[in-house]
Amino acid sequence: MKYDFRRIEKDWQKYWADNQTFKAENKSDKPKYYVLDMFPYPSGAGLHVGHPLGYIASDIYARYKRHQGFNVLHPQGYDSFGLPAEQYAIQTGQHPAITTAENIKTYRRQLDQIGFSFDWSREVRTSDPSYYKWTQWIFIQLFNSWYNNESDKAEDISTLETIFSLEGNATVNAVCDDTIEPFSAEEWNSFDSKKQQQILLQYRLTYLAETEVNWCPALGTVLANDEIVNGVSERGGHPVIRKKMTQWSMRISAYAERLLKGLDKIDWTDALKESQRNWIGKSVGASVSFNVIASETKQSHQIEVFTTRPDTIFGVSFMTLAPEHDLVQQITTPEQKEAVDAYIEATAKRSERDRMADVKTISGVFTGAYAIHPFTEKLIPIWIGDYVLAGYGTGAVMSVPCGDERDYAFAKHFNIPIPNIFDGVDISEEAFSDKAKTVIGNSDFLNGMNYKKATKRAIYELEKIGQGEGKTNYRLRDAVFSRQRYWGEPFPVYYDESGMPQMIDKQFLPIELPEVEKYLPTETGEPPLGNAKKWHWLQYGDKAEIVSKEEFENSSPVGRLGGALELNTMPGWAGSSWYFNRYMDPDNPNEIASKEAMDYWKDVDLYIGGSEHATGHLLYSRFWQKFLFDKGVVPVDEYAKKLINQGMILGTSAFVHNFFGSRRYPKLFISESYYKMYKDDPNLVHTKLETMHKGSNRAYEPYIDYDMDIALMHADVSLVNSSDELDVEGFKRWRPEYKDAIFIGEKGEIIENGKGVYKVSRDVEKMSKSKYNVVNPDDIVSDYGADSLRLYEMFLGPLEQYKPWNTAGITGVHNFLKKLWKLYHQGENGSFYVDSSPLGKSDGDREALKTLHKTIKKVQEDIENFSFNTSVSTFMIAANELTAQKCTSKEILEPLLILLSPYAPHIAEELWSKLGHSGSISTAPFPKFDANHLVESSKNYPISFNGKMRFTMELPLDLSKDDIEKAVLANEKTQEQLAGRTPKKVIVVPGKIVNIVG
RNA sequence: GCUGAAGUGGUGGAAUUGGUAGACACGUUGGACUUAAAAUCCAAUGUCCAUUAGGACGUACGGGUUCAAGUCCCGUCUUCAGUACCA
C-alpha cells in the first residue's frame with residue numbers, strides 16, 4: 001500500500017475539525033500553556049512557503065506541550081486592518097471589508113491544509129466591530145488617564161482634577177507636555193470648562209497636539225518613526241517630509257523607564273532587547289541652563305541644554321542651537337541676522353535624506369549672541385548648526401570641543417578656541433572622550449576628579465546655584481496615533497461646540513466605520529472618512545446615532561449631546577497591541593476578556609514571530625499591556641514570557657541578461673559568459689551580433705544607438721530547472737512582449753526549437769511577487785504533502801536563521817516518510833503490519849530499544865531548545881536504523897509516533913489509528929526516556945598517545961576512572977607503545993578518549 | 001562609527017559545549033532493475049599524495065593556552081542585520 005498523503009491528510013484534518021480536537025477550555029485541572037504566533041495581515045497574494053515557518057515551529061511546540069499534559073492555548077487570527085486592502089479599494093472601488101474577507105478565506109484554506117493545531121473557535125479579526133469595540137474602549141481608558149510619577153503608574157484623570165481644584169498643579173509630578181504653565185487651585189477653579197479641558201489634555205495618556213509629523217504625500221498619511229526606513233516610507237519607498245499637524249499622540253514616553261526595566265524579566269533574545277533599549281535610548285546626565293541677554297531687546301533668556309558630561313562644564317567654549325530652536329530669532333544680533341536667516345532657510349530646504357547622507361560637512365553660523373557660563377561667568381558665543389537636532393533633548397548643546405568629536409570638528413572648522421580640561425591628555429589632534437580615563441583639570445572645584453566624582457559634584461554645584469539639575473533623557477518619542485486612512489479603527493471621539501474632543505460613552509461602542517463613496521482624501525484635504533454622508537454624532541439620553549451634517553444641525557438642541565466625529569483612524573498597531581488578551585475570551589461582549597479567563601491564562605508562555613517588529617508592535621504592545629495592568633484590567637504587566645524570532649525563508653531568484661538599454665536589440669538575452677566576453681571586447685560582440693543579424697530572418701529593431709548596457713531581469717523561477725537551465729520556449733510564452741525574444745547561449749549560439757542551453761544567474765532575495773521567486777505552499781502540499789512541507793521547513797536550518805528555499809531538497813524528508821510507511825506496510829499486499837509480541841532480550845530487540853531511547857532523548861532536548869532542524873535528522877536516522885534492524889515492533893513504533901506527531905501529525909495519526917487507538921494521538925503522553933537502554937556492557941575506548949590516536953580497546957562501562965587507567969596501562973598494546981617508558985599522565989574522561997601522555 | 005549575530009565540503013547544515021570534524025540531507029559520479037525513462041535500491045563522495053596498505057593537510061586569516069581547539073584567549077579580515085551628527 002502506497003503512502004497516500006493526500007487521503008491521509010484530508011481525513012485527519014476533517015477528524016480534527018469534526019472533533020474540535022484542539023479546542024482549549026478556560027477551565028482545566030491541567031497546567032496551562034499559551035503558545036502564540038504573531039497573527040498575519042491577510043494580503044491578497046496569499047501565503048508563500050516562507051510564511052508558515054514560525055507557525056510550524058509554534059505548532060510543534062504546542063503539540064509537544066499537549067503530549068506533556070498541558071492545557072494548551074494555541075490560537076490564530078488576523079491583523080486585518082491595513083493599507084493594501086485600502087489601496088486596492090482606491091483602484092477598484094471594492095470595499096476593503098470584502099477584499100479582506102476574501103483574503104482571509106484564502107489564508108484559512110492554506111493554513112488548514114498544513115495541519116496546524118489552532119483553536120479556530122477563538123479566531124479574532126482586528127477589523128471586526130466586535131473586536132475594535134475594545135480597541136476603542138482602550139483608547140478611551142488612555143484618554144481618561146494621566147501618569148503619576150509619584151506612584152509610578154497611570155491613574156484616573158479624576159484624581160488629577162481633584163488635586164488641581166485643591167492645590168493647583170505645583171505639587172503634581174506627572175508626565176505631561178513641557179509647555180505647562182503653573183496655576184493655583186483658585187485659578188483652576190476660575191478657568192472655564194474649555195480651558196480646564198485644554199489643560200487636562202496636556203496630561204492625558206493620549207492627547208491631541210500640534211506635532212511635527214512624518215508626512216508621506218504619496219500615501220497621503222502620517223507615518224510613525226518605525227514606519228520609515230532610510231528616510232523613505234517602509235511601504236512603497238515614498239519620500240517623507242516633516243509637517244506640522246494636529247494629531248492624536250500616545251504618551252509612551254511615560255513608560256520609557258518601565259519598558260526598559262521590564263526587559264530584564266522577560267526571556268527574549270538579546271539582540272531584540274538591545275534594539276528596544278537603543279530605541280528607548282536612555283541617557284543619564286544633567287540639564288544646565290545658560291543665561292543669555294538679547295542685545296536688541298535687552299530681555300534675558302535661558303537656554304536649557306542636556307548633557308551627559310556635566311563634568312566637562314569648564315570646557316565649554318561655545319554653544320550650538322539647532323536651526324529650528326525657538327530662541328534663535330530672539331537672540332540673533334542685527335549684524336548676523338542675514339547670515340542666520342540664510343542658513344535656516346538652507347537647512348529647511350534639505351530633506352531628511354540629504355541631511356542623513358551628508359553628515360561629514362560641517363556647517364553653522366554665529367548668532368552674534370553670548371551666553372554666560374554659570375560658574376566662570378565668561379561669555380560664550382552662541383552658534384547655530386545643523387549637527388544639533390531639534391528633536392533630541394532640548395535642541396541645544398553646550399559645546400565642549402576638547403571632549404566631544406563633533407564639537408571638536410566644529411571648533412576647528414570655525415577657529416573657536418579649544419580649552420583643555422583634562423590632565424595629562426594631548427588634545428592637539430583630536431578630542432578626548434574616554435570617560436574611564438578622565439581626570440579633570442583646569443576646572444576650579446572639579447580639579448583632579450575622575451568622571452564619576454566630577455559629574456556628581458558638577459550637578460551638586462549646579463543645583464546649588466539653581467542653574468541645572470541631574471536629568472535622564474530618553475530618545476523614545478511619543479507615538480503619533482492618527483492616520484489619514486479609511487481602513488482602520490475609527491476613534492470613539494467627537495468634537496463639541498467649543499471644538500474640544502469628547503469621548504463617546506462605552507455603551508455606544510463600537511463606533512463602526514461608515515460607508516464612503518471614495519477612499520481618497522476629500523477635496524478640502526480631510527481624511528477619507530470626510531467622504532461619508534453620515535458622520536455626526538447625536539445623542540439623546542441613552543440613545544445615540546450617527547447622522548448627516550444636516551440632520552445634526554436640524555435636530556432639536558434640547559438635551560442634545562454631540563458634534564462632528566473624528567475623521568482620522570487609528571494606526572495599524574492599535575489592534576495588534578492587545579489581541580493576545582482577547583484570545584483568552586474572544587466572544588465576551590462586556591469586557592476585553594473576563595477576569596477568570598485572564599487570571600487563568602495570564603500571559604503568553606511562548607511567542608513566535610519576526611524580529612522586524614522589534615521597535616514597532618513589540619514595543620507598543622508592551623506599553624499598552626503595562627497601561628492595562630495599571631488600570632487593573634490585566635493581571636500581568638509583561639504579556640510574553642519568552643519570545644523567539646524566526647528567521648525568514650528567502651527566495652532564489654533567477655535572472656536573465658537583457659540588452660535593456662538598447663533599442664537596437666531590445667529583446668535579446670545573452671548568457672552570462674557571453675556577457676563577460678562583451679565586457680572584455682564590446683566590438684567583437686557587436687560584430688558577432690551584426691553577423692547574426694544578417695544571417696537571420698528575424699527582424700531586429702533598426703539600429704539607433706550603441707548603448708549596450710546589460711540589465712539583469714527577473715525570470716519566473718518556475719521556468720528554471722534545478723540545473724539553472726531556463727525553459728526558453730516557456731519564457732517566450734510567459735509574457736507577450738517576449739514572444740520574439742532571442743536567447744544566445746554560452747558559445748554565442750542562438751537557442752531555439754529546444755536546442756541549446758541558457759543558464760540563468762541566481763541570487764537570494766526576499767520572496768516577493770515582483771521578483772517572480774515565490775514558491776506557493778499549495779504546490780508543495782499537493783506534490784509532497786503537508787507533513788513533508790512541515791518537516792522540510794524545519795529541516796532547512798536553525799529556526800532563527802535566514803535561509804533560502806530550495807524545493808529540490810524536499811525529496812529527502814519526503815523519502816523518510818515513505819520509508820517509515822513502507823517499514824510497516826510490507827509483505828504480499830503491503831498491508832499494515834506490526835509485531836505486537838513484547839520485546840525480549842535479544843540483540844536485535846536491544847538495538848531497537850537503543851534506537852528508540854536515543855531518539856526520545858534527542859527529540860525532547862531539541863524541542864526544548866527549539867532546534868527542530870536536528871530532530872528531523874534524528875527521525876531519519878531512527879528510520880534508517882529500524883529498517884536495517886528490520887524492526888516492526890509495536891513497542892517501538894508507538895512511542896516513536898508520539899515523538900513524530902508534533903512534526904508530521906497526519907502520518908502519525910494515521911499509523912496511530914492503525915495500531916488500534918480510537919482517539920487522536922495528540923493527547924497521548926510523551927514517552928519516557930530510560931537511560932538504561934543506552935548503556936552497553938562494554939565499549940571500545942579509543943586510546944591515544946600524546947593526542948594521537950593509536951588503537952581502541954574494549955573496556956567494561958562500569959569501571960571507575962582509576963580502574964580504567966590501570967587496565968589501559970596493563971594492556972599489551974599500551975606497553976608496546978610506551979616501549980619501556982613511564983607515562984607522565986593518563987587522562988580518562990568517562991565515555992570519551994583515554995589519553996596517555998608519554 | 002556603534003550594537004548584535006555569524007564565517008565549517010559543490011550546497012543546506014551537524015558536532016554531546018574542550019574529546020575520533022563534516023552527522024543527516026541535497027547535489028554529483030558509478031552500479032542494479034527496466035525495451036527505455038521515471039521511481040526505487042546499492043556504492044562512492046573534504047582536499048592532496050599513493051595501484052593498494054596507508055599518509056599529509058583541513059573549520060575565514062595570523063598567533064597563543066592545552067596531552068587535546070571548529071569550540072577558549074589575543075590580533076586581523078569578511079559577511080549579514082539593526083541603528084546612527086542622541087550631545
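Here is how names work: the chains are called A, B, and so on, in the same order as the sequence lines, proteins then strands, and each is numbered from 1.
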By nearest atom, which of the nucleotides B/A25, B/G13, B/A23 is closest to the A/Ile877 side chain? B/A23
Partners passing salt bridge (Lys or Arg N to Asp or Glu O under 4.0 Å) against A/Lys642 (at least two apart in sequence or in another chain): A/Asp267
A/Gln801 side-chain N/O to B/A6 phosphate OP1/OP2 under 4.0 Å: no
Please measure how far the P atom in B/G7 lies from the corresponding atom in B/C73, and state the result in whole Å. 14 Å
What residues form a side chain to side chain contact (heavy atoms under 4.5 Å, CB included) with A/Ala286, not counting sequence neighbours? A/Pro310, A/Ile459
Between B/A87 and A/Ser283, is there an OP1 or OP2 to side-chain N/O distance shorter than 4.0 Å? yes
For residues A/Asn473 and A/Gly393, report the shortest heavy-atom separation together with the two atoms involved. ND2-CA, 3.4 Å
Tell me, please, which residues at least two apart from A/Ala256 pass side chain to side chain contact (heavy atoms under 4.5 Å, CB included). A/Ile280, A/Tyr474, A/Leu476
Measuring from the side chain of A/Ala808 (C-beta onward, heavy atoms only), which nucleotide among B/C24, B/C85, B/C26 has the closest atom? B/C26
Applying salt bridge (Lys or Arg N to Asp or Glu O under 4.0 Å), can you list everything that pairs with A/Asp862, at least two apart in sequence or on another chain? A/Lys858
Would you list the protein and nucleotides 37-40 of chain B atom pairs, both N or O, that sit under 3.5 Å from each other?
from  : atom 1 : to       : atom 2 : distance (Å)
B/U40 : OP1    : A/Asn815 : OD1    : 3.1

Between A/Asp264 and A/Arg277, does any NZ, NE, NH1 or NH2 come within less than 4.0 Å of an OD or OE carboxylate oxygen? yes
Is B/G13 syn or anti, taking syn as a glycosidic angle within 90° of 0? anti
Base, sugar-phosphate, or nothing: which does A/Asn880 touch, judged by heavy atoms less than 4.0 Å apart? sugar-phosphate
What residues in residues 859-871 of chain A put a non-hydrogen atom under 4.0 Å from any atom of RNA chain B? A/Asn869, A/Thr870
Taking only the side-chain nitrogens and oxygens of A/Tyr387, find out if one of them lies under 4.0 Å from OP1 or OP2 of B/A87. no
What interatomic distance, in whole Å, is found between P of B/A69 and the corresponding atom of B/C86? 45 Å
Report the residues that fulfil ring pair (Phe, Tyr, Trp, His ring centres under 6.0 Å) with A/Phe414, sequence neighbours left out, ordered by chain and then residue number. A/Trp383, A/Phe410
Using heavy atoms to find the nearest nucleotide of RNA chain B for A/Asn278 and A/Gly809 separately, return the residue whose nucleotide is more 5′. A/Asn278
Partners passing salt bridge (Lys or Arg N to Asp or Glu O under 4.0 Å) against A/Glu881 (at least two apart in sequence or in another chain): A/Lys854
Need one value for A/Pro798: base, sugar-phosphate or nothing, where a base atom within 4.0 Å counts as base even if backbone is also close, heavy atoms only. sugar-phosphate
Return no unless some side-chain N or O of A/Arg475 is found under 4.0 Å from OP1 or OP2 of B/U83. no
Please name all residues satisfying salt bridge (Lys or Arg N to Asp or Glu O under 4.0 Å) with A/Lys282, sequence neighbours left out, ordered by chain then number. A/Glu257
Taking OP1 and OP2 of B/A25, is either one under 4.0 Å from a side-chain nitrogen or oxygen of A/Asn806? no
